[in-house]
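Beneath this line is the structure, given in structure tokens, with notes to follow.
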Amino acid sequence: MTHNFTLFFEFFKPKDFDYEHINVPSLPTNDNHIYRHVTGLWRLKEKILILEKGLNDIAIERMKYMFSHVLHPELAEKRTEIFFGDIRHLDGENSDDGQIIFWFHNDKDETEHWSAPMHIYYEHCLACKLDSRMSVKTCMNVDEGFMAIRMKKVTV
């Protein structure tokens, strides 16, 4: 299913940013439209790329969070920012097989890449669908800060 999206951009995130919904007057509610607040040029580029490829940005942020906080916590300790890079399909554009690629800068300011099979992305999509903490119905900033807050909330 393809979505239309509207991005609200700011160069910098305010110091008192609270990761609650962004109050934008008169946004039409439509299940096929995604509204996001984005700060920083790299995050804007990343968000456009994710949404233009028809991917779930919440699942992408969840993958990045798990990679940097669970699999490689040293990246989280160093505050390494990970970005979505691309997807590579094995059998044409409509294939579910392939790799999802991420990139980040290491301590030497060299670009490193990390890839995962597409089925891992689909598992994160399912996890987001089943986990009420991952639900976004309004305009929000969905980035590493959003995910850190949501992952630490306890659901009953």
Side-chain angles (χ1 to χ4, degrees), residues 1-87 100-116 120-155:
M1 173 172 38
T2 61
H3 295 280
N4 295 314
F5 58 91
T6 301
L7 301 178
F8 298 91
F9 173 75
E10 290 184 75
F11 279 102
F12 304 102
K13 193 178 298 169
K15 291 186 188 288
D16 61 347
F17 195 76
D18 61 6
Y19 284 97
E20 294 300 322
H21 76 279
I22 308 298
N23 189 13
V24 180
S26 67
L27 286 181
T29 56
N30 178 338
D31 287 341
N32 290 330
H33 203 95
I34 296 171
Y35 298 98
R36 293 291 186 262
H37 174 260
V38 183
T39 55
L41 287 174
W42 281 106
R43 288 187 205 104
L44 176 63
K45 179 182 177 184
E46 176 191 45
K47 191 67 70 175
I48 291 169
L49 186 59
I50 291 167
L51 296 173
E52 282 185 343
K53 297 225 176 241
L55 299 173
N56 180 330
D57 64 322
I58 301 168
I60 296 288
E61 290 299 335
R62 189 177 189 282
M63 285 183 78
K64 291 170 19 179
Y65 181 88
M66 297 304 277
F67 180 75
S68 66
H69 287 78
V70 177
L71 296 174
H72 295 281
E74 68 278 6
L75 294 175
E77 289 171 15
K78 295 175 189 173
R79 297 181 171 268
T80 302
E81 194 163 5
I82 301 170
F83 293 95
F84 168 77
D86 203 358
I87 47 178
I100 187 163
I101 295 124
F102 298 89
W103 64 271
F104 59 93
H105 292 290
N106 65 20
D107 292 341
K108 298 174 187 169
D109 206 26
E110 301 165 328
T111 302
E112 290 194 34
H113 294 87
W114 159 60
S115 64
I120 301 294
Y121 162 74
Y122 295 119
E123 289 173 6
H124 282 274
C125 287
L126 178 59
C128 288
K129 186 176 182 179
L130 298 174
D131 186 345
S132 63
R133 298 173 301 173
M134 302 295 121
S135 177
V136 175
K137 298 193 184 335
T138 61
C139 182
M140 293 191 80
N141 187 307
V142 177
D143 65 8
E144 70 280 355
F146 165 91
M147 194 55 59
I149 291 167
R150 295 293 174 105
M151 292 299 279
K152 293 173 185 172
K153 284 186 178 178
V154 177
T155 59

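To the nearest 0.5 Å, the span separating CE on Met63 from SG on Cys125 amounts to 9.0 Å. The structure places CZ of Arg62 at 5.5 Å from NE2 of His124, a figure rounded to the nearest 0.5 Å. Here CG of Asn23 is found 9.5 Å from SG of Cys139. Values are rounded to the nearest 0.5 Å. Atoms OH and CG, from Tyr65 and Leu71 in turn, are 12.0 Å apart once rounded to the nearest 0.5 Å. Residue Leu49 holds its CG atom at 8.0 Å from CG of Leu55, rounded to the nearest 0.5 Å. In this structure, NZ in Lys64 is found 9.5 Å from CE in Met147, a value given to the nearest 0.5 Å.
Of the possible polar contacts, none joining the Tyr121 side chain to the Ala116 backbone as a donor-acceptor pair under 3.5 Å is found.
Counting heavy atoms from C-beta outward, Met151 and Met66 have side chains that approach closer than 4.5 Å. Between Thr39 and Asn141 there is a side-chain heavy-atom pair separated by less than 4.5 Å. The closest side-chain heavy-atom distance from Ile22 to Phe8 is not below 4.5 Å. Inter-residue side-chain proximity for Val136 and Phe146 is flagged as met; some heavy-atom pair is nearer than 4.5 Å. Contact check for Ile58 versus Arg36: side-chain heavy atoms found under the 4.5 Å cut-off. Ile60 is listed as a side-chain neighbour of Ile100, based on a closest heavy-atom distance under 4.5 Å. Side-chain contact between Trp114 and Phe67: present, with at least one pair of heavy atoms (C-beta onward) separated by less than 4.5 Å.
When all heavy atoms are compared, the tightest approach of His21 to Thr138 is CB-OG1, 2.8 Å. Shortest non-hydrogen contact noted between Leu44 and Phe9 is CD2-CD1, 3.7 Å. The two atoms that bring Ile82 and Phe102 nearest to each other are CG2-CB, 3.8 Å, heavy atoms only. When all heavy atoms are compared, the tightest approach of Phe84 to Lys53 is CZ-CD, 4.5 Å. Nearest heavy atom pair, residue Phe5 against residue Ile48, reads CZ-O, 4.3 Å. Contact record, Trp103 with His113: CB-CD2, 3.9 Å, taken as the closest heavy-atom pair.
By the side-chain hydrogen bond (donor to acceptor under 3.5 Å, both in side chains) test, Lys47 pairs with Asp57, sequence neighbours left out. Take Asn106 and apply the side-chain hydrogen bond (donor to acceptor under 3.5 Å, both in side chains) test, not counting sequence neighbours, and it matches Glu110, Glu112. Under the side-chain hydrogen bond (donor to acceptor under 3.5 Å, both in side chains) criterion, Thr6 pairs with His33, not counting sequence neighbours. For Asp107, the salt bridge (Lys or Arg N to Asp or Glu O under 4.0 Å) partners at least two apart in sequence or on another chain are Lys78.
Listed by first and then second residue, the salt bridge (Lys or Arg N to Asp or Glu O under 4.0 Å) pairs that reach into residues 8-24 are Lys13-Asp143, sequence neighbours excluded. Pairs of residues two or more places apart, or lying in two chains, never qualify as salt bridge (Lys or Arg N to Asp or Glu O under 4.0 Å) while including a residue from residues 67-77.
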Quiz prompt | Residue pair Phe83, Trp42: steps toward the side chain to side chain contact (heavy atoms under 4.5 Å, CB included) verdict | solution = CA-CA 8 Å; Phe83 293 95; Trp42 281 106; 3.6 Å; yes

Exercise. Would you check, one step at a time, whether the test side chain to side chain contact (heavy atoms under 4.5 Å, CB included) holds for Ile34 with Leu51?
Key: CA-CA 9 Å; Ile34 296 171; Leu51 296 173; 4.0 Å; yes

Practice problem: Tell me, with the steps shown, if His72 and Phe104 meet ring pair (Phe, Tyr, Trp, His ring centres under 6.0 Å). | Solution: CA-CA 13 Å; His72 295 281; Phe104 59 93; 8.2 Å; no

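Between Glu81 and Arg43 there is a salt bridge, with a side-chain nitrogen of the basic residue lying less than 4.0 Å from a carboxylate oxygen of the acidic one. Electrostatic pairing of Arg150 and Glu61 does not count as a salt bridge here, judged by no charged N lying under 4.0 Å from a carboxylate O.
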